[in-house]
There are 2 protein chains.
Amino acid sequence: MTAQLASEPLTRSVEDYLKAIYRLSAEGAPVSTSDIADLLGLSAPSVSGMIRRLSEQDLLEHAPYRGVLLTAAGRRVALRMVRRHRLIEAYLVKFLGYSWDTVHDEAERLEHAVSEGLIERMAEALGNPRFDPHGDPIPDSNGAMDELVYTPLTDIPAGETAEIRRVDTGQAERLRYLEQAGLTPGTRVAVRRHEPFHGPITIAIGAGERVIGHELARQVLCVRPEIR
Amino acid sequence: MTAQLASEPLTRSVEDYLKAIYRLSAEGAPVSTSDIADLLGLSAPSVSGMIRRLSEQDLLEHAPYRGVLLTAAGRRVALRMVRRHRLIEAYLVKFLGYSWDTVHDEAERLEHAVSEGLIERMAEALGNPRFDPHGDPIPDSNGAMDELVYTPLTDIPAGETAEIRRVDTGQAERLRYLEQAGLTPGTRVAVRRHEPFHGPITIAIGAGERVIGHELARQVLCVRPEIR
DNA sequence: CAAAATAGTTAGTCATGCCTAAATTCGACG
DNA sequence: CGTCGAATTTAGGCATGACTAACTATTTTG
Ligand SMILES: [Mn+2]
Ligand SMILES: [Mn+2]
Ligand SMILES: [Mn+2]
Ligand SMILES: [Mn+2]
């Protein structure tokens with residue numbers, strides 16, 4: 001066991017810091033002060049101050065001038081917030097008519113206010129989904145999450161077919177564009193042509209054809225149909 | 001118009017203070033520092049300090065040593081919070097399986113985190129209800145609310161019938177008792193007998209009979225059937 | 001390899017919102 | 001009408017979490 005019994009509730013700030021650090025830790029490398037500051041839109045000294053408080057609470061380890069790493073306790077908190085955020089997004093889209101480009105901001109606030117009980121009721125109402133509306137995986141209540149590896153649409157060869165599973169952007173304008181283009185998780189697309197030098201991709205969805213810029217297409221993550 | 005254009009968001013504390021003061025203003029009389037402190041579970045000096053800040057923001061008027069009164073702006077905020085709180089309670093009971101004795105705490109936190117848009121979607125999903133699960137009226141989005149006058153169960157004469165409309169307690173144990181006794185808004189009861197000296201009341205609900213203590217019965221608010 | 005550029009930390013400030021202890025005001029009552 | 005007690009406010013302190021300015025460590029580069 002790792003302490004953490006009957007601690008007082010964490011603040012919204014603390015929860016958002018830990019979530020941000022978790023997200024930036026993708027590569028397992030230490031996370032820099034300035035990366036946290038950029039992601040959260042804060043000054044570097046503010047982040048330095050919070051890092052000191054969080055390391056005193058054993059939520060992360062700080063090597064001065066080197067960066068921070070979450071402890072097991074810190075990662076637990078972060079994964080709890082990720083679960084909350086993504087379940088809330090899924091709930092708002094499924095039951096309250098939210099569009100996938102507007103759910104993020106609402107979830108960013110609600111994730112700190114819902115009780116454990118409410119989250120589990122929402123999960124149940126949704127049928128314990130494994131993915132949120134953007135295809136992001138939802139950790140289970142123990143923090144376990146299947147991190148699947150997908151293929152960017154840019155890497156699907158011309159002539160092949162793929163199914164969209166996830167979109168890797170939070171920008172509302174991009175999400176709106178992708179939605180009206182029909183490029184949402186679950187959709188099948190056939191890749192027609194790649195223009196050279198990172199040029200656009202021509203795809204077929206259902207009846208019509210579309211041309212998608214390379215940069216955006218790189219954020220559209222797919223699986224290729226099983227080869228058997 | 002009363003200013004209030006593009007003000008920065010109010011904090012959770014500020015919203016709870018204004019809601020508390022609104023609730024204590026029922027009689028139109030100024031609200032005392034100690035009443036606010038008691039209701040919110042804070043020390044009197046903390047309340048004095050907040051009163052100063054709120055009056056600087058023109059959310060209330062403070063006559064030192066005399067008490068406070070909400071301004072129009074303060075009342076607007078308070079009614080917005082009451083609307084949120086009661087709609088959230090109704091939503092959690094109707095769609096997420098909450099019981100009426102557990103919704104309050106959840107709503108107390110969520111009321112500060114939901115956006116105007118989410119509240120209106122929840123209201124719509126509920127069919128724009130006029131009352132929450134406890135029978136408390138829900139202000140409309142302009143802050144208008146029908147404050148009906150009900151008759152306490154203790155004032156229904158023996159031999160008469162009444163319909164329960166509202167319960168005037170927030171205590172979870174009382175709410176649980178009332179629910180299992182069948183004394184919830186919408187239920188019809190027949191009053192059989194009043195014991196003297198503020199003694200218990202015997203009532204009939206559907207098939208069975210029950211005896212209810214006077215103090216609790218006073219919190220069960222009813223209407224008598226139309227006389228025509 | 002030393003200087004410049006970049007990144008990070010420290011120092012000091014501020015607003016919010018809570019607290020306790022001390023001072024003040026008000027109203028009641030003798 | 002003065003005194004006593006309750007209510008209220010003031011004074012002072014603390015944690016959180018933000019900021020800017022100044023300093024320091026690290027990295028890059030001529
Ligand atoms: Mn957040
Ligand atoms: Mn998402
Ligand atoms: Mn509240
Ligand atoms: Mn209620």
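In what follows, chains carry the letters A, B, and so on, assigned in the order in which the sequence lines appear, proteins first and then strands, with residues in each chain numbered from 1.
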State which residues pass ring-ring contact (aromatic ring centres under 6.0 Å, His included) with [X]; sequence neighbours excluded, sorted by chain then number.
X	value
A:Tyr98	none
A:His194	none
A:His62	none

Of residues 40-51 of chain A, the positions that come close to DNA chain C - non-hydrogen atoms, cut-off under 4.0 Å: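 Only A:Ala44, A:Pro45, A:Ser48 qualify.
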Quick one, which residues of residues 26-34 of chain A touch DNA chain C with a heavy atom under 4.0 Å?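 Under 4.0 Å from DNA chain C: A:Ser32, A:Thr33, A:Ser34.
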Whole Å only: how far is the [atom1] atom of [X] from the [atom2] atom of [N]?
X	N	atom1	atom2	answer
A:Arg12	D:dA15	CZ	C1'	19 Å
A:Asp35	C:dT6	CG	C1'	13 Å
B:Leu18	C:dG17	CG	P	11 Å
B:Glu56	C:dG17	CD	C1'	14 Å
B:Asp16	C:dC18	CG	C1'	14 Å
A:Glu15	D:dG17	CD	P	11 Å
A:Ile36	D:dG17	CD1	P	15 Å

Check: protein-nucleotides 12-14 of chain C nitrogen or oxygen pairs below 3.5 Å:
none

Passing option when A:Arg84 is tested against A:Glu116, A:Glu111, A:Glu108 for salt bridge (Lys or Arg N to Asp or Glu O under 4.0 Å):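 Result for salt bridge (Lys or Arg N to Asp or Glu O under 4.0 Å) with A:Arg84: A:Glu116.
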Pair B:Leu70-B:Glu61, side chain to side chain contact (heavy atoms under 4.5 Å, CB included): steps then yes or no: CA-CA 6 Å; B:Leu70 293 179; B:Glu61 305 233 52; over 6 Å; no
Residues that [X] engages under side chain to side chain donor-acceptor pair (under 3.5 Å), provided they are two or more places apart:
X	value
A:Arg52	none
A:Tyr17	none
B:Glu27	none

Whether [X] contacts [N] is assessed here as follows: a side-chain N or O lying under 4.0 Å from the phosphate OP1 or OP2. Is that the case?
X	N	answer
A:Arg53	D:dG17	yes
B:Ser13	C:dT16	no
A:Tyr17	D:dA18	yes
A:His62	C:dG8	no

Roughly how far apart are A:Glu106 CD and A:Leu92 CG, rounded to 0.5 Å?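 The distance works out to 6.0 Å.
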Specify the closest pair of heavy atoms between A:Leu126 and A:Leu87, including all atoms of both residues, with the distance to one decimal.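 Scanning both residues, the minimum pair turns out to be CD1-O, 3.8 Å.
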Taking all non-hydrogen atoms of both residues into account, name the closest pair between A:Pro185 and A:Gly135 and its distance.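 Closest heavy-atom pair between A:Pro185 and A:Gly135: CG-N, 4.2 Å.
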Could you list all N or O pairs between the protein and nucleotides 25-27 of chain C that sit under 3.5 Å apart?
{"residue": "C:dT25", "atom": "O4'", "partner": "B:Tyr65", "partner atom": "OH", "Å": "3.4"}
{"residue": "C:dC26", "atom": "O3'", "partner": "B:Arg66", "partner atom": "NH2", "Å": "3.1"}
{"residue": "C:dG27", "atom": "OP1", "partner": "B:Arg66", "partner atom": "NH2", "Å": "2.1"}

I'd like to check the side chain to side chain contact (heavy atoms under 4.5 Å, CB included) partners of B:Arg165; sequence neighbours left out, ordered by chain and number.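 Side chain to side chain contact (heavy atoms under 4.5 Å, CB included) list for B:Arg165, sorted by chain: B:Tyr150, B:Glu163, B:Val223.
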Aromatic centroids of A:His85 and A:His104 separated by under 6.0 Å: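 Between A:His85 and A:His104, which both carry aromatic rings, the centre distance is below 6.0 Å.
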Would you mind listing every side chain to side chain donor-acceptor pair (under 3.5 Å) that reaches into residues 65-75 of chain B, with sequence neighbours excluded?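 Residue pairs with at least one partner in residues 65-75 of chain B: there are none.
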